[in-house]
Amino acid sequence: MAGQLNITAELSDYVRTVSLREDEILRALREETAALPAGKAMQIMAEEGQLLELLVRLTSARTVLEVGTFTGYSTLCLARAVAPGGRVITCDITERWPRVGVPYWRRAGVLDRIDSRIGDASDTLATLLYEEGPGSVDFVFIDADKPGYPKYYEAALALVRENGLIVVDNTLFFGKVADPAAQDADTEAIRAFNALLLEDRRVDVSLLPMADGITLVRKRAELQGLLGPEHVGEPVPRH
């Protein structure tokens, strides 16, 4: 019976060789980001960007929401994948990092698909809910401050449509979630968030042991009316 693979550096290199399609524009943005303070640790892997693009295409998403722009590598992947006439609403706390990505968005011909909003993410999400209404978003990518994940997730769940997809990054947090000695605030926040998702019967969930941990969350159509945190922790229906 097959077990879990031991992902060696050699195997990772092989996977990239046979599957990664990162083009020159994405590669240049990734390299510029890696040269920034903490840039290499904070940006997503190229493989994850490619996965995001695939997921957006699979869901035929027209309205995509991104919580946490950073330098806009993932934003570029998302914008390339949206359905015709679609847009990516991306938010960050500061203009400093998204400004790095703008020339690359322009070079890729997707600048007009990107609606960049600066400010506290909770305020931005509340504004979107007021402006666009519940169920107005097809796809959400969350990659921001870890203690804020529960509130971003609740807002995303209200905004996303029935059967819409929410993708959450860093849910294994450098592997520290499995280390009892790791008690820092970010690791504890991710542990609590993962526990919350497991018991949330409003969604289907799968945590992929890829990159730094990527969790896929589908909003269940049959439970569309259950949008309050009071339902977290109720028994998960088995089908």
Side-chain angles (χ1 to χ4, degrees), residues 2-13 15-16 20 30 33-52 55 65-75 77 90-94 96-98 120-122 125 140-157 165-218 229 231-236:
Q4 294 294 323
L5 283 171
N6 178 23
I7 305 298
T8 63
E10 292 77 14
L11 186 55
S12 292
D13 288 343
V15 170
R16 293 188 186 99
L20 185 59
R30 178 165 57 85
T33 302
L36 297 170
K40 193 169 184 179
M42 290 180 63
Q43 72 174 342
I44 68 168
M45 292 179 64
E47 292 89 339
E48 183 175 358
Q50 187 166 304
L51 174 63
L52 289 172
L55 291 172
L65 170 63
E66 179 180 45
V67 184
T69 313
F70 193 39
T71 61
Y73 187 102
S74 53
T75 316
C77 295
T90 184
C91 54
D92 206 280
I93 192 65
T94 174
R96 179 184 180 187
W97 305 124
D120 183 270
S122 294
L125 296 176
V140 182
F141 179 50
I142 300 175
D143 182 14
D145 61 291
K146 310 316 165 194
Y149 271 23
K151 60 183 179 181
Y152 303 149
Y153 168 69
E154 282 298 330
L157 200 58
L165 190 63
I166 302 171
V167 180
V168 188
D169 197 21
N170 305 120
T171 48
L172 293 180
F173 205 62
F174 306 102
K176 293 168 68 175
V177 289
D179 179 4
Q183 300 292 326
D184 60 279
D186 284 343
T187 302
E188 291 280 40
I190 291 296
R191 287 193 188 111
F193 179 71
N194 290 338
L196 178 151
L197 283 184
L198 179 63
E199 299 301 327
D200 190 347
R201 75 187 189 97
R202 299 169 295 174
V203 298
D204 297 313
V205 61
S206 179
L207 198 168
L208 307 181
M210 171 187 175
D212 193 31
I214 305 167
T215 299
L216 309 183
V217 181
R218 182 189 76 96
H231 297 282
V232 175
E234 292 187 11
V236 180

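Since the structure is predicted, the reported quantities are computational estimates derived from the model, not experimental observations.
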From L20 atom CG to D13 atom CG, the distance as rounded to the nearest 0.5 Å: 11.0 Å
May I ask you to decide if F70's main-chain N or O and D92's side chain share a donor-acceptor pair within less than 3.5 Å? yes
From CA spacing to verdict: side chain to side chain contact (heavy atoms under 4.5 Å, CB included), L207, I214: CA-CA 6 Å; L207 198 168; I214 305 167; over 6 Å; no
Going by atom types only, do T75 and T69 share a side-chain donor-acceptor pair under 3.5 Å? no
Output for pair (K151 NZ, L125 CG), nearest 0.5 Å, gives 9.5 Å
Summary of salt bridge (Lys or Arg N to Asp or Glu O under 4.0 Å) pairs that have at least one residue in residues 177-191, sequence neighbours excluded: K176-D184, E188-R191
Identify the heavy atoms of I190 and N170 that sit nearest to each other, and give their distance. CD1-O, 3.7 Å
Evaluation steps, side chain to side chain contact (heavy atoms under 4.5 Å, CB included), between V168 and Y149: CA-CA 9 Å; V168 188; Y149 271 23; 3.4 Å; yes
Apply salt bridge (Lys or Arg N to Asp or Glu O under 4.0 Å) to the pair D143 and K146, showing each step before the final yes or no. CA-CA 8 Å; D143 182 14; K146 310 316 165 194; 3.4 Å; yes
Is there side-chain contact between E66 and S74, with heavy atoms separated by less than 4.5 Å? yes
Provide the closest heavy-atom pair for A178 versus P180 in the form atom of the first, atom of the second, distance. O-CD, 3.4 Å
Rounded to the nearest 0.5 Å, how far apart are CG of L157 and CG of D200? 6.5 Å
Given 3.5 Å as the limit, does a donor-acceptor pair link the side chain of S12 with the main chain of T8, or not? yes
Distance col, row L165:CG vs L55:CG, nearest 0.5 angstrom, shows 6.0 Å
Name each donor-acceptor pair under 3.5 Å that joins a side chain in residues 36-51 to protein atoms two or more places apart or in another chain, with its distance.
unit_1	atom_1	unit_2	atom_2	d
Q43	NE2	R30	O	3.3
E47	OE2	R16	NE	2.6
Q50	OE1	R21	N	2.7
Q50	NE2	S19	O	2.7

Interatomic distance, CZ@F174 vs CG@L172, rounded to 0.5 Å, equals 11.0 Å
For side chain to side chain contact (heavy atoms under 4.5 Å, CB included), just list the numbers for V217 and L197, CA-CA rounded to whole Å, side-chain angles, deciding distance to a tenth of an Å, and then say yes or no. CA-CA 9 Å; V217 181; L197 283 184; 4.1 Å; yes
S122 to Y152 - nearest heavy-atom pair and separation: OG-CE2, 3.7 Å
Quick check: closest heavy atoms across A156 and I142, and the distance to 0.1 Å? CB-CD1, 4.3 Å
If every non-hydrogen atom of G68 is compared with every non-hydrogen atom of A144, which pair is closest and at what distance? CA-CB, 4.3 Å
Got a second to check how far T215's OG1 is from Y153's OH, nearest 0.5 Å? 10.5 Å
For the backbone of T171 and the side chain of N194, can you confirm whether one donor and one acceptor N or O come within less than 3.5 Å of each other? yes
